[in-house]
Amino acid sequence: MLDKTYQPAAVEGPTYRLWEEAGAFAAGRPDRTGARPYAIVIPPPNVTGSLHMGHALNNTLQDVLVRFERMRGRDVLWQPGTDHAGIATQIVVERQLMERQEPNRRDLGRDEFVRRVWQWKVESGGLIINQLKRLGCSCDWSRERFTMDEGLSRAVRKVFVDLYRAGLIYKDKRLVNWDPKLLTAISDLEVEQVEVKGHLWHLRYRLEDRVFDPSDPSTFVVVATTRPETLLGDTAVAVHPDDERYKALVGKHVILPLVGRRIPIVADEYSDPEKGSGAVKITPAHDFNDFEVGRRHALPMINVLAPNGELLLRGNSDFTQGVDQSAELEQTILELNGLDRFIARKKIVERLEEAGLVEKIEPYVYTVPHGDRSNVIIEPLLTDQWYVDAKTLAKPAIDVVKRGRTVFVPKNWENTYFHWMENIQPWCISRQLWWGHQIPAWYGPDGEVFVAEDEGQVTALAKDHYGKSVALTRDEDVLDTWFSSALWPFSTLGWPDETKELKRYYPTDVLVTGFDIIFFWVARMMMMGLHVLEEVPFRDVYIHALVRDEKGQKMSKSKGNVIDPLELIDAYGADALRFTLSAMAAQGRDIKLSASRVEGYRNFATKLWNAARFAEINACTPVKGFDPASATQTINRWIAGESEYALAAVTEALEAYRFNEAAGAIYSFVWHKFCDWYLELIKPILSGADQQAAAETRAMTAWVLDRALKLLHPFMPFVTEELWAKLAAEGEERESLLILAPWPKHLGLENAAADSEIGWVIRLISEVRSVRSEMNVPAGAKVPLVISGASEQTAARAKRHEETILRLARIETMSFGKAPSGAVQIVLDEATLALPLAGIIDVAAESKRLKREIDKVGSEIRQLDAKLANEKFVARAPEHVVEEQRERKADAEATAARLEQALKRLEAAL
RNA sequence: GGGCGGUUAGCUCAGCUGGUAGAGCACUGUGUUCACAUCGCAGGGGUCACUGGUUCAAGUCCAGUACCGCCCACCA
């Protein structure tokens, strides 16, 4: 006997183990060898991660698809794994070392530190995997991968070497986004532009051949800057070639304050006469634009910053090059060397003010680049880094989407993808970290670079080159985490080996992910997949929304508005959370989650549970060989047909990735069709005398319930699997677990006659209930029902469903004849239903109610009249639309006439 | 500066190819009915942001406006 409510906590664990023991998640099951494959690779969560709402959504949707296709008979591979997440993981372990007051990373040394990270990974890295299991994810865990596994590392090395040899990976010295806190380069994508309120300083640079006089503008040039501290690295002042104010100055020189460096005034179109003073200081080593200007004018690049963001002046030969020794220079070095960039800024401004070199200071709002991990201001820094020639790789990746070989859903994300891909910049892939794939490049004694997959090959290469064995040193840097992620769709399948999995499951069917990583990940997988395997990594890319809190804010730990999916699972069950996320996954931009919604769907699980309980109590168990098409009872034919509509709706919606529609379709079928009406309508049959009808109804109930469990299983796997087992025929076991059961087939059970008849019964009951409620008839009171003006068909229907009507509409007796006076009257199609309530009802109130009804129908008639009187409408609208309006008008007029009669009868009774 | 979304019931949102506005929650009334009070039944509540256009017909298509949000961009 089923409990009164569903207890998720008691069911979820054992059910999950059941699936695992049955090998239900495994790809390539023996029973599917001839089946079409269906593959999804999971967006690998960071190994440091714990399940947040975004993961919950992302993985719920994948699991819905995977379970759906598995039931449709496909050979499903859902490839799981985790990402080593270079920076994030290194930060976590470094923090842990600090908390435990252990030696820091540098004291430990690289090998020991990396060993400690691995150790951490073994101990704590599996957390999120277990959380995915709690959500019910049916990944093939036997195939779990990690981006730093030996196999995946081999793929990384091979791709790196191949791309290097193809000239698509190269080393370059240029400005990079440098994180002064993490002490590593980062890619453009890892930089966030943050708007800040700051200042714009207008500084005076004195002209070389003039004596500086603050009151004489002809003795200096004013430059405006938001970063005064970088003036130490200035190597020019640029003005626009057409700027009349400065034309005469081009070619002359100014003397850099605090330093004494003589720098030229150059003409360059980069300078915007509208901005600042129209003259701009050029610091090629510390600004991306200035870097380009510097290249055009062959300016020296003077780096004045150490990697940690402190000024580096003493012993900096670039800085002092060509500058005469002076007391001023010495003081500058003494005061500023080793200062943090922002402290130095203050000092420099102070000194400039003392010297009368600050013309004015304006408040100024501008954007400043911040590191997305460290949250500190990023410094453009001149360093040697490895780059991927993304522009070349992007071309085919753009092309395949244009030609529809890979399709984004929703389609408008393709624009975002194209825009970024068409303007793609070289991808900086080297990171000055220790945790990650160390770059397979070695340097000879003279700095010659050798790139190969392993040390043996590299040694041979070097020997060839030098004619003898030499000592090589390996490049210390590691690769951007996203480099290995980019290979995920094929590295997890065993590439570079030609495995049978690679052959069978690549390209994968769909990638399910959020729009925030289209650039980071989707685009790069496209580029790598196409380059390495010459085939797209996935056919479809389903982009889902981001989960936000109830107020629409992005959930983040710092805001404290995080809803923990595991807490929701504990409170309401995994099924309720999954159903909520599915139901809310309309193809918009974001999902605002609230616990009340989850609670509502928990109630849905309970509702289903109780429907099953009803089936159990009434011995509705599956009957072998039952053919739903053989049903004779109208109500049974009706629910069979309704189940067909639901099947079609769920199937079509899932095929189109319309998760919310699929969820909505099964929800309203189970609750509003099956529970609200079918189960109520069959109660008289089940307890009635007609044994054959009762038997048919029991069989149909079990059959429909089975069908509902199947349709619901992708969304609510736990409760459906549990009920599937419990509802098996007595003494028998199911042929398979629900997870492996076949998706229902369309049997053509739709039945218009049954729809019409049951629809009529439902309308009758609803109308009677409504009027009773409105007339304040006590719920418990049974009243007689007199039907007048009924057609033969209606009378037959009423008789067929008499018991049901009596029961559900709380009717004492049903009869046919003239409507008695002093009765409440309901017009239902051609018939009028009278509830003789003389003495109970307030005649005046009833008269008012009827008049209101008449008004309502009247205004509908007027509207329809106007429409039909419009010649253009009749002439131009499609025939069926016009016809529909005519019918509607005829119905409304008939109803109005009957209501008028009803009103007359009522008033006659007064 | 460019691009993309959003604006529909008190709240959170559906509404795909234009043809009588929907759901969940909340609210109101009600409930001696044998699956379910995590429930049943009934009900209130919307000039679909605004302006104009296309159309026989617009929440739905087009243009513009106003707010809100996101993404991209090197603006001293």
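Please read these numbers as outputs of a predicted model, since none were measured by experiment. So you know, we letter chains A, B, ... as the sequences are listed, proteins then strands, and number each from 1.
The side chain of A/Asn610 lies closest to B/rA35 when the candidates are B/rC4, B/rU12, B/rA35. Of the candidates B/rA76, B/rA14, B/rU33, the closest approach to any side-chain atom of A/Leu200 belongs to B/rA76. Among the nucleotides B/rG5, B/rG24, B/rG19, the one closest to the side chain of A/Asn412 is B/rG5. Taking the side chain of A/Phe873 as heavy atoms from C-beta on, and the options B/rG19, B/rC70, B/rU12, the nearest nucleotide is B/rG19. Listed nucleotides: B/rC74, B/rA14, B/rU33. Nearest to the side chain of A/Tyr270: B/rC74. Comparing B/rA76, B/rA35, B/rC72 against the side chain of A/Asp272 picks out B/rA76 as the nearest.
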Criterion ring pair (Phe, Tyr, Trp, His ring centres under 6.0 Å) on A/Phe408 and A/Trp413, from CA distance to verdict: CA-CA 6 Å; A/Phe408 280 70; A/Trp413 287 110; 8.5 Å; no
From CA spacing to verdict: side chain to side chain contact (heavy atoms under 4.5 Å, CB included), A/Tyr678, A/Val704: CA-CA 10 Å; A/Tyr678 180 72; A/Val704 172; 5.6 Å; no
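Partner assigned to B/rC70 is B/rG3, using Watson-Crick or G-U wobble distances below 3.5 angstrom. Pairing partner, B/rU65: B/rA49, with both Watson-Crick or wobble hydrogen-bond distances short of 3.5 Å. Remark: B/rG22 base-pairs with B/rC13; criterion is Watson-Crick or G-U wobble with both hydrogen-bond distances under 3.5 Å. Pair assignment for B/rA35: none, as no Watson-Crick or G-U wobble contacts are both less than 3.5 Å. Pairing for B/rC41 is with B/rG29, a Watson-Crick or G-U wobble pair whose two hydrogen-bonding atom distances lie under 3.5 Å.
In this structure, A/Asp188 atom CG and B/rA73 atom P are separated by 7 Å, rounded to whole Å. Rounded to an integer number of Å, the gap from CZ of A/Arg810 to C1' of B/rU30 is 13 Å. In this structure, the CD atom of A/Glu652 is 16 Å from the P atom of B/rC16, given to the nearest Å. To the nearest angstrom, P of B/rG44 lies 13 Å from CZ of A/Arg849. Atom CG of A/Asn776 and atom P of B/rU30 are 9 Å apart (whole Å). Nucleotide B/rC36 holds its P atom 11 Å from the CG atom of A/Asn618, rounded to whole Å. If you take CD of A/Glu422 and C1' of B/rG3, they are 13 Å apart, rounded to a whole angstrom.
Using a 4.0 Å cut-off between charged side-chain N and carboxylate O, A/Arg888 and A/Glu884 make a salt bridge. Note on A/Glu616 versus A/Arg613: no salt bridge recorded, every NZ/NE/NH1/NH2 to OD/OE distance being 4.0 Å or above.
Between the side chain of A/Lys4 and the base of B/rC36, no donor-acceptor pair under 3.5 Å is found. For B/rC25, the base has no donor-acceptor partner in the side chain of A/Arg597 [N/O atoms by modelled type, under 3.5 angstrom]. Put simply, the side chain of A/Gln425 and the base of B/rA73 share no donor and acceptor less than 3.5 Å apart.
Side-chain N/O atoms of A/His199 include none lying less than 4.0 angstrom from OP1 or OP2 on B/rA76. Proximity of A/Asn423 to the phosphate of B/rA73: no side-chain N or O atom is located under 4.0 Å from OP1 or OP2. An OP1 or OP2 oxygen of B/rG40 is reached within less than 4.0 angstrom by a side-chain nitrogen or oxygen of A/Lys607. OP1 or OP2 of B/rA35 has at least one side-chain nitrogen or oxygen of A/Lys683 nearer than 4.0 Å.
Using a 4.0 Å heavy-atom criterion, one finds that A/Tyr364 contacts the sugar-phosphate atoms exclusively. Counting non-hydrogen atoms under 4.0 angstrom, A/Arg888 reaches a base of the nucleic acid. Within 4.0 Å of A/Arg227, counting heavy atoms only, lies no atom of the nucleic acid at all. Contact annotation for A/Tyr601: no contact, since no heavy-atom pair falls under 4.0 Å across all strands. Within the 4.0 angstrom heavy-atom criterion, no nucleotide atom of any strand lies near A/His202. Residue-level contact check: A/Ser668 touches neither bases nor backbone, having no heavy atom under 4.0 Å from any strand. Note on A/Glu616: nothing from the nucleic acid sits closer than 4.0 angstrom, heavy atoms only. As judged by a 4.0 angstrom heavy-atom cut-off over every strand, A/Phe604 is placed among residues making no nucleic acid contact. At the heavy-atom level, A/Gly600 lies nowhere under 4.0 Å from the strands shown. Here A/Phe519 lies in heavy-atom contact (under 4.0 Å) with sugar-phosphate atoms only.
Without hydrogens or angle criteria, A/Arg769 side chain to A/Leu808 main chain gives a donor-acceptor distance under 3.5 Å. Not one N or O on the side chain of A/Arg849 forms a donor-acceptor pair closer than 3.5 Å with the backbone of A/Glu774. When atom types are taken as modelled, the side chain of A/Arg174 and the backbone of A/Phe291 share no donor-acceptor pair closer than 3.5 angstrom.
From A/Thr697, atom OG1 reaches atom CD1 of A/Ile682 across 6.0 Å, with rounding to the nearest 0.5 Å.
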Under-3.5 Å N/O pairs linking protein and nucleotides 41-43 of chain B:
residue : atom : partner  : partner atom : Å
B/rA42  : O3'  : A/Ser770 : OG           : 3.4
B/rA42  : O2'  : A/Ser773 : OG           : 2.9
B/rG43  : OP1  : A/Ser770 : OG           : 3.0

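In plain terms, the two heavy atoms of A/Ser582 and A/Leu61 that are nearest each other are CA-CD2, 4.4 Å.
Contacts between residues 277-290 of chain A and RNA chain B, counted as heavy-atom distances below 4.0 Å, involve A/Gly278, A/Val280, A/Asn289.
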